[in-house]
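For the single chain, residues carry numbers from 1 onward in sequence order.
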Amino acid sequence: MNNLRFETLHLRGRRVGPSSWFPALRELIKSEISAELDEDDGLFIGYGMFRDGLPYTLQDSYDTPEEELDFKAAVLENKYLKAVFLPELGGRLWSLRDKENGRDLLLENTRLLPCNLGIRNAWFAGGVEFNCGRRGHDEQTMSPRFCAVVETPDFPVLRFYEYQRDRGTPFQYDCFLPEDSRFLYIRGRIFNPDDTVQPMYWWSNMALPEVPGSRVVVPAKEVFANWYSGGSHALAKLSLPDGEGFDGTYPVNFEYVKDHFYDIPEDVRRYECLFYEDGYGFCHVSTKRLRGRKLFVWGQCQGGRHWNRKLLGPGLDSYIELQGGLGRSQQECLPMPPKTAWEWLEGYGSLVMKPEQVHGKWEDAVGAVTAALDGKIPAAALENMLRETRESIALKPGKVVVKGSGWGALEELRRGGKLAPQLDFGAPGPEQTPWVELLRTGRMTEALPASYQVSDAWFELLKKAVPGPQVHYHLALNYFRREDRERTERELAAAGDPANRRHLLHAWANLLDRQGRRQESADMILRAALLDPADTPFVKEALKMLLSFGEYGKMFTLLDRLSPRDAALPLVQMMKAAALAHTGRPDEAEVILTRDGGLDVPDIREGENSASQLYIFIKTEQARNAGKELDPASVAIPFLLDLRMSEGTFQRKGEPTK
């Protein structure tokens, strides 16, 4: 049995609404990275990072009740494995079943529960996601990705592909399951069509259940350990397995959130496995191009347990992530030469060992697993398969089944030719209409911006365009991306009077913020929000900015204009509680935060400690009002308010929640 078929996956969860209209100008993923490394480690720390979310808008409308959802599912199956992919959710590998052993190889979520962890905000846990281009959870995680079927004489191939806007590169991953294979193969390819070096990023992110007694085995003696602190990162080199002060190859031993980027030597084969107490293991192998390997844990602290609760559906307790990437850490991109293709092959399957082989001394476990893999799926065989499938799979065209975005088609229109002969990007859509007009007429006549471009090629076209309000506005965004504040201000001024134009007020507010003129910024963003208080995503954005400025009076002005429905949204309620607490009304703030066991905010940002910090502030203010002193460290934070990733009470699974 070997087939590819399409079905419907029925799944309960929260629907992600329409994207916001405004460009993501704030820094959503912090690029503050400190690193204590050796001079010969050779990591490109900080290379290829951005301080804004351009050219994207946000997907932040999902704070609604759960409902029944249907998704198109592509199923690859043989007698050993069954793999389910979701083209409409970024080409996610949703589940992988080991039919021979009757076990799930990945964590299959029982709900779709978006939370604020992605480049565009919304992201969900489970399966395997494939992230290309820029650091973070992919901008297409909650969007359709092109899906095509490639026919070969031996087996069908399921292809996912898109155009990566940050780097101007087409990419694809071809998924196939030969008839007698116990491994699912995923063949990656990125092509840089430009004459310039591009910072490049790829990480395949696998979710697996966190089970007591399970152990990660990877051929490394050292790790680059990453600490989280309020969204910032600190990287340091530690030895394996006990450089943390405990055995860090057992995920449940971690107290707090942590990344371990394994330093795999250049001449060692690439793999990462997770073995359970009985010796059964999940195995991810690849060719040499995919050098990086990572373990991510939420930790056993209350904040980590809460994040698991937010992200996982009923019947699931907690999960970890194993990852494989181009770089040796996720705090960097790699320089990709011009006119170059990078290709690799990944294999996903099981490996069954004797428990004593994988749960003994670290060196013995690595040796035993390496020997077993060499016998089951040799590194040379993977490299040969990669070479042999270049012409027979990677460069063959396929039949499109699900359409992705129109950005690849627009880029082909700009270039006057195909990005990749084997990839069908279709035609530009409504989002691309203003840019088609710019290409054909040298003008932009749209009344309001529909989408955004900040690449060098489009920047040059904007410079040559017929001057007009929208041309000046988009030029301002391009200068903003390049941190040229003087020219940003000049172009915004040329774009016209911002009085009743929210897009101009929004841009001015973000520019003034970068210039340190926060009171003026607050005035601008409030004016913009009051023009349409029914625009929920923009109201949230305005409240976040006003809160960061400490402009509580302006927050109340906006809150008073909201509809009852919007005023009741969890994030808005948390903002109101913060404004109350900082204006002498901590008791009212506490009522909001603690009602019904605690305010559950679906769209609070990963790494943000605002809810717990607010609760501590409320308790210290209440104590001060009573003429007492309270040590902030002594405050017991309710479970639903605790999302701390590096602080808080250490609590093992199975212990009661305090």
Side-chain angles (χ1 to χ4, degrees), residues 2 76 78-81 83 93 96 98 100 105 128 130 150 152-155 157 159 172-191 202-204 206 216-221 262-275 281-294 322-328 334 336 340-354 357-358 362-396:
N2 173 259
L76 279 172
N78 67 8
K79 60 185 176 182
Y80 298 116
L81 295 171
L93 171 55
L96 184 59
D98 179 350
E100 187 177 23
L105 285 164
V128 183
F130 304 95
V150 180
T152 75
D154 300 316
F155 45 77
V157 176
R159 170 175 293 162
Q172 67 189 76
Y173 50 101
D174 297 321
C175 315
F176 52 97
L177 189 56
E179 184 175 356
D180 294 321
S181 178
R182 288 179 168 86
F183 276 77
L184 169 70
Y185 293 105
I186 297 182
R187 190 189 193 285
R189 175 182 168 88
I190 305 171
F191 176 61
W202 177 281
W203 282 83
S204 302
M206 301 149 254
V216 177
V217 178
V218 60
K221 295 180 179 179
Y262 299 103
D263 188 17
I264 299 177
E266 175 62 35
D267 59 349
V268 172
R269 72 169 302 175
R270 317 293 197 239
Y271 73 81
E272 186 175 19
C273 302
L274 181 70
F275 290 97
F282 164 81
C283 183
H284 176 251
V285 298
S286 76
T287 50
K288 284 193 172 184
R289 172 69 66 185
L290 216 64
R291 183 175 179 180
R293 290 297 186 277
K294 171 189 169 180
L322 301 187
Q323 302 190 27
L326 290 172
R328 286 186 290 158
L334 297 186
M336 186 176 187
T340 296
W342 281 352
E343 300 184 320
W344 65 92
L345 183 67
E346 303 177 50
Y348 296 78
S350 65
L351 185 64
V352 181
M353 305 285 290
K354 294 178 180 179
Q357 289 179 299
V358 293
W362 177 244
E363 295 80 3
D364 295 341
V366 172
V369 172
T370 302
L373 284 174
D374 287 344
K376 187 171 185 177
I377 185 168
L382 281 173
E383 298 289 350
N384 286 336
M385 186 183 294
L386 177 66
R387 286 191 293 271
E388 292 169 357
T389 54
R390 186 173 189 271
E391 296 293 336
S392 63
I393 292 178
L395 299 182
K396 284 189 67 173

Legend entry - side-chain contact (heavy atoms from CB on, under 4.5 Å) assessment of Leu184 paired with Leu105: CA-CA 11 Å; Leu184 169 70; Leu105 285 164; over 6 Å; no
Inset, instruction - Start with the C-alpha gap between Arg182 and Ile377, add the side-chain angles, then the distance that decides, and say whether side-chain contact (heavy atoms from CB on, under 4.5 Å) holds. - result: CA-CA 10 Å; Arg182 288 179 168 86; Ile377 185 168; over 6 Å; no
Inset, instruction - Could you walk me through whether Val218 and Leu322 pass the side-chain contact (heavy atoms from CB on, under 4.5 Å) test, one step at a time? - result: CA-CA 11 Å; Val218 60; Leu322 301 187; over 6 Å; no
Inset, instruction - Output, in order, the C-alpha distance, side-chain angles, deciding distance and verdict of side-chain contact (heavy atoms from CB on, under 4.5 Å) for Lys376 and Phe183. - result: CA-CA 10 Å; Lys376 187 171 185 177; Phe183 276 77; 3.8 Å; yes
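In this structure, Arg293 forms no cation-pi arrangement with Tyr262, as its terminal cationic atom is not both closer than 6.0 Å to the ring centre and no more than 45° off the ring axis.
To the nearest 0.5 Å, atoms CZ (Arg289) and CG (Leu345) are separated by 13.5 Å. Atom CG of residue Asp267 and atom NZ of residue Lys288 lie 7.0 Å apart, to the nearest 0.5 angstrom. The structure places CG of Leu274 at 11.0 Å from CE of Met206, a figure rounded to the nearest 0.5 Å.
Side-chain contact check for Phe176 versus Thr152: every heavy-atom pair is 4.5 Å or farther apart. Residues Glu272 and Ile264 have side chains not in contact (no heavy-atom distance under 4.5 Å, counting atoms from C-beta outward). The side-chain heavy atoms of Met385 and Thr287, taken from C-beta on, include no pair separated by under 4.5 Å. The shortest distance between side-chain heavy atoms of Glu266 and Arg291 falls below 4.5 Å. The shortest side-chain heavy-atom distance between Glu100 and Leu81 does not fall under the 4.5 Å cut-off. Residues Ile186 and Ser204 are not in side-chain contact: their nearest non-hydrogen atoms beyond the backbone lie 4.5 Å or more apart. Residues Asn78 and Phe155 are not in side-chain contact: their nearest non-hydrogen atoms beyond the backbone lie 4.5 Å or more apart. Contact annotation: the side chain of Tyr80 never approaches that of Ser181 to less than 4.5 Å [non-hydrogen atoms, C-beta and beyond].
A salt bridge is defined here as a Lys NZ or Arg NE, NH1 or NH2 lying under 4.0 Å from an Asp or Glu carboxylate O, and Asp263 with Lys221 fails to meet this definition. Under 4.0 Å is where a charged nitrogen must lie from a carboxylate oxygen, and between Arg387 and Glu391 no such pair does.
Between Trp202 and Trp342, the ring centre distance reaches or exceeds 6.0 Å.
The aromatic rings of Tyr348 and Phe282 sit tilted, their planes meeting at an angle between 30° and 60°.
A donor-acceptor pair under 3.5 Å links the side-chain atoms of Arg270 to the main chain of Val268, judged by distance alone. For Trp362 (side chain) and Ala220 (main-chain N/O), a donor-acceptor pair under 3.5 Å exists by modelled atom type.
Here the shortest heavy-atom pairing between Ile190 and Met336 reads O-CE, 3.3 Å. Closest approach of Ala365 to Val217, counting heavy atoms only: O-CG1, 4.0 Å. Taking all atoms of both residues into account, the shortest heavy-atom contact from Pro178 to Tyr185 is CD-CD1, 3.9 Å. Looking at every heavy atom in both residues, Met353 comes nearest to Ala372 through SD-CB, 3.6 Å. Between Leu373 and Cys283, the shortest heavy-atom contact is CD2-SG, 3.3 Å. The heavy-atom pair separating Cys175 from Leu76 by the smallest distance is O-CD1, 3.5 Å.
Residues satisfying the side-chain contact (heavy atoms from CB on, under 4.5 Å) criterion with Arg390, sequence neighbours excluded, are Arg187, Arg189, Glu343, Leu395.
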